[in-house]
Every structure is written in C-alpha cells, then in structure tokens.
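Reviewing the structure listed below.
Just so it is clear: chains get the letters A, B, ... in the order the sequence lines come, proteins before strands, and each one is counted from 1.
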There are 2 protein chains.
Amino acid sequence: MSSGSKEAGTRQRIVEAADRLFYRQGYEHTSFSDIADAVQISRGNFYYHFRSKDEILDAVIAARLAATGEMLAGWERAADPAARLRSFIHLLFVNRLSIKAHGCPVGTLCGELAKLDHPARQEANELFTLFRAWLAREFARLGRGREADGLALHLLALSQGVATLAHAFDDEALIRRQVRLIEAWLDEQCRAGAREKQSA
Amino acid sequence: MSSGSKEAGTRQRIVEAADRLFYRQGYEHTSFSDIADAVQISRGNFYYHFRSKDEILDAVIAARLAATGEMLAGWERAADPAARLRSFIHLLFVNRLSIKAHGCPVGTLCGELAKLDHPARQEANELFTLFRAWLAREFARLGRGREADGLALHLLALSQGVATLAHAFDDEALIRRQVRLIEAWLDEQCRAGAREKQSA
DNA sequence: GTCTATACAGCGATAGAC
DNA sequence: GTCTATCGCTGTATAGAC
C-alpha cells in the first residue's frame, strides 16, 4: 500500500491529482473538471468518494502532513544539528525548478487559504508548524535554546521569501544565490552557538 | 485631483475599491458584484469605465506603482543609506496589522498572478522591481556595491517571508520580533560596508 | 463503483432604455 | 453616465440508471 503505487485506488488517485493541481493552479482555480480529466473519471463519480471539494482539500492536507513528517524524520539521520539544518536549506535548492514554476507548496497553499479565510486554514498551517518546531529543536541542540523559535521563524521566513521572489520573477538562479547567503548565515549561527556552549 | 479625494470620479472610486478588495480577498475571488456593492453602482455600469475585469486590474497595478514610487521618493529625505534602509524595514512594522490580516499587498498579488499565469503578471512584478532596485542602490551607497543586488533580494525575501508567516499564523507579535532580527542583520551589513569602505 | 443527466447559483460580459 | 434585463458559460453538487 505504498502511497505512490501505480495500482492505487480511485480515492487515492483523486487525492494525488488534486494535490498536484492545487499546487500548480491553486485551490480555488482548480475545478472538479480539472481533477476529473487528470484522474480520467466522470465528474459525478467524485461524490462517491468525497462529499465536497473541501473534503478533497482535507485529504490533500493530511497527505502532505504525513509526507512532511516522514521527510523530517529522515533528516534525523544526519550527523549533527548543523547538518540537519542544512538539509532544510538544501530542500530549497533540490526543489528549485518547481519552486520557480509554482512557488513553495506550503507557502502558496497557506497564503491562499488565509486570504479566503477557508475552514481548512488551520490544518494547512500545521505544515508550517511542523517545520517550525523541527527547526526550533535543532537550533536549541545547536546551543541557541533561548532564541531557538525566533531563529526557526527567521530561517522559515527566508526560505518562504526566496520561494516567493523566485516564483514571481520566474528565476532559478535567484534561488541558488540566495541559498548561498542563507548557508553563510547558518554558519554564523553555528559559530554563535558554539561560543554560547563554551561560555556555559 | 488628489488620489484620495472624497469627490473622486466613478472610475477612480472603482479603482480604489478594487484595490482594497483585491488585497483583502484576492483578485480571482473578487467579483464584479463585490466591487459594485462597495462603489454603490450597478454591475452593468462597469463597462462604461472598463472593458473587462483585467482592465480594472491594470488600473489597480498602475495606481500601486505610482504610490510606491512616491513612497520611495519620500524615503530619499532620510539622512544616510542606513536610515533609508531602515525606512524599508520599518514599513513591515507600520503595516503590521494589515499584513497580519491580509499579507503583503505586493507579495500576495504577485503570487496569485504568477500561479494563474495572468497576463498582468509582469506589470505586478514591477512593484517588486521598484523595491529591489531602490534597495540595491542604497546597499551600493552603503559600500556593498559588488553584492548590492544579492543583499537587496535577501532583505526583500526576509520581509516577504515574515509577511507570509504573520499572515498564515495571524500573528502580529511575530512581525515585531522578526523586525528586530532584521534590524540586527542590517546593522551587521552596515559595519561590513564601513570596513569595506575603509580598506578601499 | 461508475456513469449520464441535470439542478441551481454565480460569474464576466452585452444590449438597449433612460 | 447610469440603469435593468439578460446572455452564455462554468462552478459545485445531486439524482438516479447501470
């Protein structure tokens, strides 16, 4: 029952197609017809699997939460906090082509749902919270316990902003250059953390 | 013919209402009925002033470009490059309530138009470019000529990211805390600029 | 489980009276 | 310059045959 299986059930194929389309076109701009075309089923058949479009959104967010949790768990294998934080920054580089084309999947979804004041808004924010808490814990391990959450938000904000600008300007090189600046900032934070640990 | 006049013509009142609604609800989510209710005119009457909804958007972007240009010109009165750059950061603080509620007007509009691949996308990006060029020039004046554009994008990204997170989390305090971190970063850049000027 | 047919609301846009 | 009336289309959602 792997989530990317070729023989996935109809329900799962709907969720996967909706996930991709919500990312590429936005939630509101994606219609049932769009998803139906992608999954190759009729429009009416949706309502056997979901009661409404909002319910599809809920399923998409749940799937993203699960995938994000697994990714963060995978990063735990890195040797030290600095290497783990670098995994996060590296994500911006790895996904630079899709970010250039469609922005950050988390930021664009949360932004749209916030502007629509959509009921699923809080659920989507959990995606941000997952990263925020994970980053804060790694900054704390780095020896920056007191300012850990502030630094986590700073790094989260930087990656969000870079994604926003790269998307708007449709500029891949912007990501590569800014990633280097962020890495330099992280190195500086590591040195500050080491100093704080020394004096403690 | 001041732009905020109470006795503004219908056309201008449409642009002002559309500007506000596009910011609060998003472009696609705002209908003619919404604007008509705000301006207190009938739906049909729109087409005497504009040929389409896209044309209203063009007018809104043009108005924002003009207003932004005037604001940047006003910041020129500050004593030195460091003070001028601080004006930019301060903007995040001054507008923190509307940013918390609706995000950054530039970032959310450019993000939506980019995702829709809307024809007016490039025009909206000019708003970003206005800030980018202005910031780069001030960083150059600060003595950071070689990296001026990279630093400008870094600061722009930071402010965009803070706006995105504050909007998603509906959190005003987040802005105040992150503004302090950004100001500390700017101070560091000022010192680096001074060193570079010394050695030159 | 999947289909076709359809209801019903809202959208952008047009025509024409005043 | 502003109005009412209406068109054509697309959206979500439902009913019911197979």
*Donor-acceptor side-chain pairing of B/Asp54 and B/His118 below 3.5 angstrom*: yes
*asked:* I'd like to know if A/Arg137 pairs up with A/Glu76 as an ion pair, taking the criterion as any Lys NZ or Arg NE/NH1/NH2 lying under 4.0 Å from an Asp or Glu carboxylate oxygen.
replied: yes
*asked:* Under 4.0 Å from a heavy atom of chain A: give me the 5'-most and 3'-most nucleotides of DNA chain D that qualify.
replied: D/dG11 to D/dT14
*Check ion pair A/Arg13-A/Glu16 (N to O, under 4.0 angstrom)*: no
*Taking only heavy atoms on the protein side, list every residue of residues 38-46 of chain A lying under 4.0 Å from any atom of DNA chain D, sorted numerically.*
A/Gly44
*Between B/Ser33 and C/dG10, is there a side-chain N or O to OP1/OP2 distance below 4.0 Å?*
no
*So, are A/Asp170 and A/Lys100 salt-bridged, with charged N and O less than 4.0 Å apart?*
yes
_Separation of atom CD1 in B/Ile35 from atom P in C/dG12, rounded to whole Å_ = 8 Å
*Would you call B/Arg86-B/Asp80 a salt bridge at under 4.0 Å N-O?*
no
*Does NZ or CZ of A/Arg20 come closer than 6.0 Å to the centre of the six-membered ring of A/Tyr23, within 45° of the ring's axis?*
no
_Using a 4.0 Å heavy-atom cut-off, does A/Phe32 contact any base of the nucleic acid, only the sugar-phosphate backbone, or nothing at all?_
sugar-phosphate
*Would you verify whether the NZ or CZ of B/Arg64 falls within 45 degrees of the ring axis of B/Phe22 while also being under 6.0 Å from that six-membered ring's centre?*
no
*Specify the separation, in whole Å, of atom OH of B/Tyr48 and atom P of C/dA15.*
17 Å
*In terms of the nearest nucleotide of DNA chain D, which residue is placed more toward the 5' end: A/His29 or A/Tyr47?*
A/His29
*Does the salt bridge (charged side-chain N to carboxylate O under 4.0 Å, His left out) test come out yes or no for A/Arg141 and A/Glu138, once each step is laid out?*
CA-CA 5 Å; A/Arg141 282 176 174 167; A/Glu138 295 306 323; 2.8 Å; yes
